[in-house]
Enquirer: 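Input: one structure, supplied below.
Values reported hereafter were calculated over all heavy atoms of this structure, with side chains retained and with hydrogens, waters and symmetry mates removed. Note that this is a predicted model, so its numbers are computed, not measured.
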Amino acid sequence: VSAFVDRMNAAAKDLGMSSTTYTDPSGFDKATVSTAADQLKLARVALRDPTFAAIVAEPSARLPVVGRAVNSNHLVGTDGFVGVKTGSDEVAGGCLVFARRVVVGGRSLTVVGAVLGQRRGELVDAALASARRLGDSVAAALGVMTALPAGAAVLSARNADGERVTAATAAPLREIGWAGMKLPVQVEMRPPARQLSVGQRLGTVTVRGASVERGAVVATKSLGGPSLGWRLQHLF
């Protein structure tokens, strides 16, 4: 048992579960502790295993000797819920790590969540009720949002005389997310030109979220090359 617990703690460390300590294999020992955030890290990795994902998505299973066994996670099989695991006792309260599939903008996404320490009524029922409310709120908040509107300035160019022009997104870039969500934005520039015309492409902007969206960055007005005076002053 101790060797197995050591492997559990080593695996937790590898997954970055810094607030988790296992002292027994079952989790019933009071000294075994974790957080919702750490359980999400574990669940996301576990659900990548197709066999694990298929098992936890079963509302019931027929087992040798005992016959049909019903999943204690009664959400499974309803409203897109596909797992994952209950785990409740008097010390921990009602606990559930859940997974729910939602369709947003024609794409199927899996939302993973965790509720711990629920105590309103029967522990398992309290965890299931909280998980449903959390899952419903996430599903309602998700949508196709405009990450960068058309005309958003992302670059500026300047010629030798100091004249400046901005470069902006040619079209809106949309991503799946929620209001206030922060997304990484990357801008790639093309090699500079001696002069620019309005609408000329200067680069590409990329937004990364549930998918990867790319769009053109274009000059908002023309920009001439170096003036005659500048060229005369820089003959050599």
Side-chain angles (χ1 to χ4, degrees), residues 15-16 36-37 40-41 43-50 53 79-82 98-114 133-236:
L15 293 175
L40 289 183
K41 294 175 183 177
R44 290 179 65 184
V45 173
L47 286 169
R48 294 173 190 161
D49 184 319
D79 298 327
F81 283 95
V82 289
F98 68 88
R100 180 177 180 178
R101 290 192 182 131
V102 296
V103 177
V104 183
R107 291 194 57 195
S108 178
L109 305 176
T110 300
V111 174
V112 183
R133 288 194 297 270
L134 182 57
D136 287 347
S137 69
V138 172
L142 285 172
V144 179
M145 308 289 183
T146 299
L148 280 175
V154 295
L155 280 177
S156 66
R158 185 176 60 190
N159 65 10
D161 293 311
E163 296 180 62
R164 186 182 297 271
V165 62
T166 59
T169 50
L173 273 72
R174 296 184 173 91
E175 254 297 356
I176 294 173
W178 54 87
M181 181 179 178
K182 294 182 179 180
L183 295 172
V185 176
Q186 180 181 6
V187 179
E188 299 177 31
M189 293 179 58
R190 288 189 168 186
R194 290 181 60 85
Q195 58 186 28
L196 301 174
S197 57
V198 62
Q200 182 175 337
R201 185 166 183 165
L202 299 185
T204 302
V205 61
T206 302
V207 177
R208 298 181 185 275
S211 61
V212 178
E213 298 294 323
R214 293 185 175 88
V217 177
V218 298
T220 56
K221 64 179 183 179
S222 299
L223 181 66
S227 64
L228 177 60
W230 187 93
R231 291 197 297 266
L232 290 174
Q233 294 176 34
H234 296 81
L235 291 177
F236 302 102

Enquirer: Show the nearest heavy-atom pair for residues Thr220 and Ala168, with the distance to one decimal.
Expert: CG2-CB, 3.9 Å

Enquirer: OG1 of Thr110 to CZ of Arg44: how many Å apart, nearest 0.5 Å?
Expert: 11.0 Å

Enquirer: Roughly how far apart are Leu109 CG and Leu142 CG, rounded to 0.5 Å?
Expert: 7.0 Å

Enquirer: For the residue pair Gly143 and Val104, what are the closest heavy atoms and their distance?
Expert: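 Closest approach of Gly143 to Val104, heavy atoms only: CA-CG1, 3.7 Å.
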
Enquirer: Within the distance-only criterion (no hydrogens, no angle test), does the side chain of Thr169 pair as donor or acceptor with the backbone N or O of Ala152 below 3.5 angstrom?
Expert: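 Looks like yes, one N/O pair under 3.5 Å.
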
Enquirer: From Thr204 OG1 over to Leu155 CG, what is the distance, rounded to the nearest 0.5 angstrom?
Expert: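 The OG1 atom of Thr204 sits 10.0 Å away from the CG atom of Leu155.
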
Enquirer: Ignoring hydrogens, what is the shortest heavy-atom contact between Val185 and Leu148? Give both atom names and the distance.
Expert: CG1-CD1, 4.2 Å

Enquirer: Does atom CZ of Arg158 have more than 12 heavy-atom neighbours, drawn from other residues, nucleotides or ligands, at distances under 6.0 Å?
Expert: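 Not buried by this count: 12 neighbours or fewer within 6.0 Å.
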
Enquirer: Show the nearest heavy-atom pair for residues Trp178 and Met145, with the distance to one decimal.
Expert: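 That closest heavy-atom pairing would be CA-CE, 3.9 Å.
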
Enquirer: Please determine which of Asn159, Leu223, Leu202, Val198 meets the side chain to side chain contact (heavy atoms under 4.5 Å, CB included) test together with Val165.
Expert: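 When side chain to side chain contact (heavy atoms under 4.5 Å, CB included) is applied between Val165 and each of Asn159, Leu223, Leu202, Val198, only Leu223 qualifies.
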
Enquirer: Among Val82, Leu134, Val112, which residue meets the side chain to side chain contact (heavy atoms under 4.5 Å, CB included) test with Phe98?
Expert: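 Among Val82, Leu134, Val112, the one meeting side chain to side chain contact (heavy atoms under 4.5 Å, CB included) with Phe98 is Leu134.
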
Enquirer: If you look only at pairs with a residue in residues 142-156, which of them pass as a side-chain hydrogen bond (donor to acceptor under 3.5 Å, both in side chains), with sequence neighbours excluded?
Expert: Ser156-Arg164

Enquirer: Please tabulate, for side-chain N and O atoms in residues 206-219, each donor-acceptor pair with protein atoms closer than 3.5 Å (sequence neighbours left out).
Expert:
| residue | atom | partner | partner atom | Å |
| --- | --- | --- | --- | --- |
| Ser211 | OG | Glu175 | OE2 | 2.9 |
| Ser211 | OG | Glu213 | OE2 | 3.3 |

Enquirer: Specify the closest pair of heavy atoms between Ala139 and Val102, including all atoms of both residues, with the distance to one decimal.
Expert: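 So the two residues come closest at CB-CG1, 3.9 Å.
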
Enquirer: Which atom pair, heavy atoms only, marks the closest approach of Ala193 to Gln200?
Expert: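 Closest heavy-atom pair between Ala193 and Gln200: CB-NE2, 4.1 Å.
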
